[in-house]
Amino acid sequence: MTLGSPAPSNENSGTDQQRPVSGRLRAARVWSRFALTWESIAPAILPMAILIGFFLIVSWLGVFRSVSDTTRIILGVLFAVAALAALYPLRKIAVPSTSHVDRRLEQDNRLEHQPITAQDDSLAIGEDDDFARTLWRYHQRRLAEKVSSVESARVKTDIPKRDPWALRALVPLALVSAFAFSYGVSGGAVTDVFHSHERAEVIPPRIDAWLTPPSYTGVAPIFLTSQLNAARREFTVPEGSKIVVRIAGGSGEERVNFPDVETSMPELDATTGAQRASARQFEVVIAKPGTLQIRQDSQTDEGAPLNLWQINVTPDDAPQIAFDGEPQRAVNGALTLNYVATDDYRLAAGRGIVSLANPKSDAARPLYDAPDFNLVLPRRNQEGKAKTTRDLMEHPWAGAKVNIILEVEDDLEQIGRSSAIETILPGRPFSNPLARALIEQRRNLALDANASKDVYDMLDLFMLYPEETIDNAAHFLGLTTAKSKLGYARSDNELREVVDYLWEVARNIEDGGLSDAERRLKDAQQALRDALERGASDEEIEQLMAELREAMQDFLREFAEQNQNNPNLQQQQNQQNAQQLDPQSLDEMLDRLEEMAKSGAREQAMDMLSQLQDMMNNLQMGQGQ
């Protein structure tokens with residue numbers, strides 16, 4: 001019995017080694033049993049789950065509420081029959097046996113010689129033979145080594161084979177959307193399939209109505225159904241106001257009626273022209289006074305309406321504008337217009353229209369359009385009074401007799417015009433006789449291209465005795481060039497080049513370099529004014545103010561240099577403008593102008609800019625004055 005003597009020791013040792021293996025195996029068996037059970041349950045309950053999902057989707061989307069009772073019952077019966085049919089696959093559900101679990105573990109873990117099944121097997125014969133039992137336990141211990149790393153079986157259903165396109169995923173997505181829709185006005189409930197429409201409870205309608213005046217009027221909206229206006233039945237609103245009615249709940253047969261309105265809603269009653277309540281919200285623009293009615297029944301007008309209001313309309317009249325005195329002219333030729341412009345609520349735009357007062361002939365062919373400029377709109381606290389200053393001295397029409405009409409427009413595009421005033425369109429004053437003559441010929445050519453031959457003859461006449469009339473060779477050369485350009489001009493564009501060239505020659509004859517500084521100052525002033533009108537940023541305002549300061553310094557320096565040889569004129573200027581031209585006062589004025597522009601007080605800044613422009617206009621005086 002050599003083999004039998006150590007048997008007890010080997011048996012105890014094998015038992016100790018099998019305990020951790022048995023623990024892992026038991027855990028793998030438990031989880032694998034759950035996996036195999038789910039493999040049996042999932043395909044069986046999938047039809048029922050999809051059917052329940054479809055039922056919830058149809059219910060939450062309000063299908064049972066929107067169909068007739070007969071259709072509702074038929075759909076309910078179909079869902080019930082389908083539910084019974086979905087129960088049939090449940091018969092295939094079975095709890096897996098231990099042997100089934102062990103075979104699945106050996107298959108999934110790729111174990112050979114059935115090591116898991118062998119752990120529970122016993123000797124068929126030789127139970128009383130110690131050698132056979134020892135040999136069998138030794139065989140089990142060797143197989144147990146393969147079970148030490150066993151893993152639980154994973155769920156493997158045939159659902160992907162049945163649905164390779166994963167269409168089953170659409171049901172949860174639709175279910176979530178239908179659930180969100182169920183909280184809306186048209187949403188449904190799960191119990192709708194059991195409720196009859198004839199017995200459905202109608203929720204009393206909630207009506208919200210308000211009047212929204214146009215934004216440009218500055219009038220606040222009026223809530224007709226608020227507690228504050230509960231006793232009022234008559235309201236007055238500006239023309240162009242909008243009626244908004246919103247109905248929640250009710251039977252859906254409510255009707256909103258307002259006479260002779262144009263509404264954005266697509267559905268109208270063909271017999272009465274009233275707006276149907278199917279959309280549950282109405283927006284109509286008021287064109288004339290009328291009665292706003294909200295009735296319960298859309299088929300008849302019997303009985304008292306739910307709500308009744310009389311809406312009166314205040315017409316929006318066209319704006320008005322009139323001159324406040326004659327057009328004024330600054331010393332340097334800038335045009336200043338004073339006027340009074342009013343409107344019911346707000347002016348949107350304004351412009352000045354210029355036309356020739358006495359055209360030379362019907363066949364005249366002007367090379368340039370009439371000057372057209374925007375007007376400064378009055379502020380609310382100015383009682384409609386405003387002033388516009390525009391520099392038109394370089395325009396070819398400057399010096400011609402014109403009619404000026406002022407025009408303003410409101411937010412409804414209604415236009416108001418002033419009466420025409422006949423005046424001389426101011427231009428830059430020229431003291432030199434030759435420069436004045438050239439400007440006159442420039443104007444004649446600009447107003448009628450057919451006068452080019454007459455202008456050519458006049459230029460030839462100016463050069464008839466150059467030694468007596470032209471004391472500067474550069475001026476003579478300029479006249480010669482202008483005459484040659486005009487002689488070779490064949491198109492309107494070439495004639496316009498001659499007009500521009502005559503202006504440059506006249507400027508050089510008159511005062512040379514001072515006009516450059518003046519133009520730079522005017523450009524800086526106009527650029528700042530345009531920036532204030534369009535609401536430019538603080539960075540742009542700061543840059544334009546720096547350019548204005550530099551241009552003003554250049555203008556004052558060159559103005560002083562030009563007049564230093566005329567002591568009488570210089571003394572008179574200093575006496576009249578001592579306070580206005582003080583450098584410290586000018587700096588403080590520019591600082592206030594910049595501060596107001598950056599702080600948002602754009603209108604006050606434009607007023608101060610106009611004052612500054614008036615000071616510069618009054619400062620510049622021709623040498624002949």
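Scope of the values below: all heavy atoms of this structure, side chains included, with no hydrogens, waters or symmetry mates. One-based numbering along the sequence shown.
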Output yes when a side-chain donor or acceptor of [X] lies under 3.5 Å from a complementary backbone atom of [Y], and no otherwise.
X: Ser418; Y: Leu406; value: yes
X: Thr481; Y: Leu477; value: yes
X: Asn508; Y: Glu504; value: yes
X: Arg443; Y: Ala398; value: yes
X: Thr217; Y: Pro213; value: no
X: Gln414; Y: Asp410; value: no
X: Asp391; Y: Met393; value: yes
X: Tyr368; Y: Arg496; value: yes

_Can you see whether Tyr216 engages Asp343 through a side-chain donor-acceptor pair at a distance of less than 3.5 angstrom?_
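There is no such pair (donor and acceptor under 3.5 Å, judged by atom type) between the side chains of Tyr216 and Asp343.
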
*Given the rule in the side-chain contact (heavy atoms from CB on, under 4.5 Å) test, do Phe282 and Leu292 qualify, once you have shown the distances and angles that lead to the verdict?*
CA-CA 12 Å; Phe282 318 92; Leu292 174 62; over 6 Å; no

Tell me the closest heavy-atom pair linking [X] and [Y], and the distance in Å.
X: Asn374; Y: Thr388; value: O-CG2, 3.8 Å
X: Met608; Y: Leu593; value: SD-N, 3.7 Å
X: Pro315; Y: Asp344; value: O-OD2, 4.1 Å
X: Ala364; Y: Asn450; value: CA-ND2, 4.4 Å
X: Arg529; Y: Val376; value: NH1-CG2, 4.2 Å
X: Pro327; Y: Leu335; value: CB-CD1, 4.1 Å

*Salt bridge flag under 4.0 Å for residues Lys598 and Glu542*: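 Yes, Lys598 and Glu542 are salt-bridged.
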
*Quick one: does Glu394's side chain get under 4.5 Å of Trp503's, heavy atoms only?*
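In short, these two side chains touch, coming nearer than 4.5 Å.
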
*Are the side chains of Pro371 and Leu425 in touch, meaning some heavy atoms are under 4.5 Å apart?*
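They are in side-chain contact.
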
Between [atom1] on residue [X] and [atom2] on residue [Y], distance to nearest 0.5 Å:
X: Ser215; Y: Tyr345; atom1: OG; atom2: OH; result: 12.5 Å
X: Phe223; Y: Asp208; atom1: CZ; atom2: CG; result: 9.0 Å
X: Asp411; Y: Arg346; atom1: CG; atom2: CZ; result: 4.0 Å
X: Leu486; Y: Lys453; atom1: CG; atom2: NZ; result: 11.0 Å
X: Asp317; Y: Glu239; atom1: CG; atom2: CD; result: 8.5 Å
X: Arg351; Y: Ile405; atom1: CZ; atom2: CD1; result: 10.0 Å

[X] atom [atom1], over 12 foreign heavy atoms within 6.0 Å:
X: Glu234; atom1: CD; value: yes
X: Arg232; atom1: CZ; value: yes
X: Glu595; atom1: CD; value: no
X: Asp372; atom1: CG; value: yes
X: Gln320; atom1: CD; value: no

_For Glu594 and Arg549: C-alpha separation, side-chain torsions, deciding distance, then whether salt bridge (Lys or Arg N to Asp or Glu O under 4.0 Å) applies._
CA-CA 11 Å; Glu594 184 175 359; Arg549 284 189 172 91; 3.2 Å; yes

*Is the cationic atom of Lys387 (NZ for Lys, CZ for Arg) positioned less than 6.0 Å from the six-membered ring centroid of Tyr339 and within 45 degrees of its normal?*
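No - Lys387 does not lie over the ring of Tyr339 by the 6.0 Å and 45° rule.
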
_Working note: Leu434 + Leu479, criterion side-chain contact (heavy atoms from CB on, under 4.5 Å); need CA distance, chi angles, decisive distance, verdict._
CA-CA 10 Å; Leu434 181 58; Leu479 287 175; 4.1 Å; yes

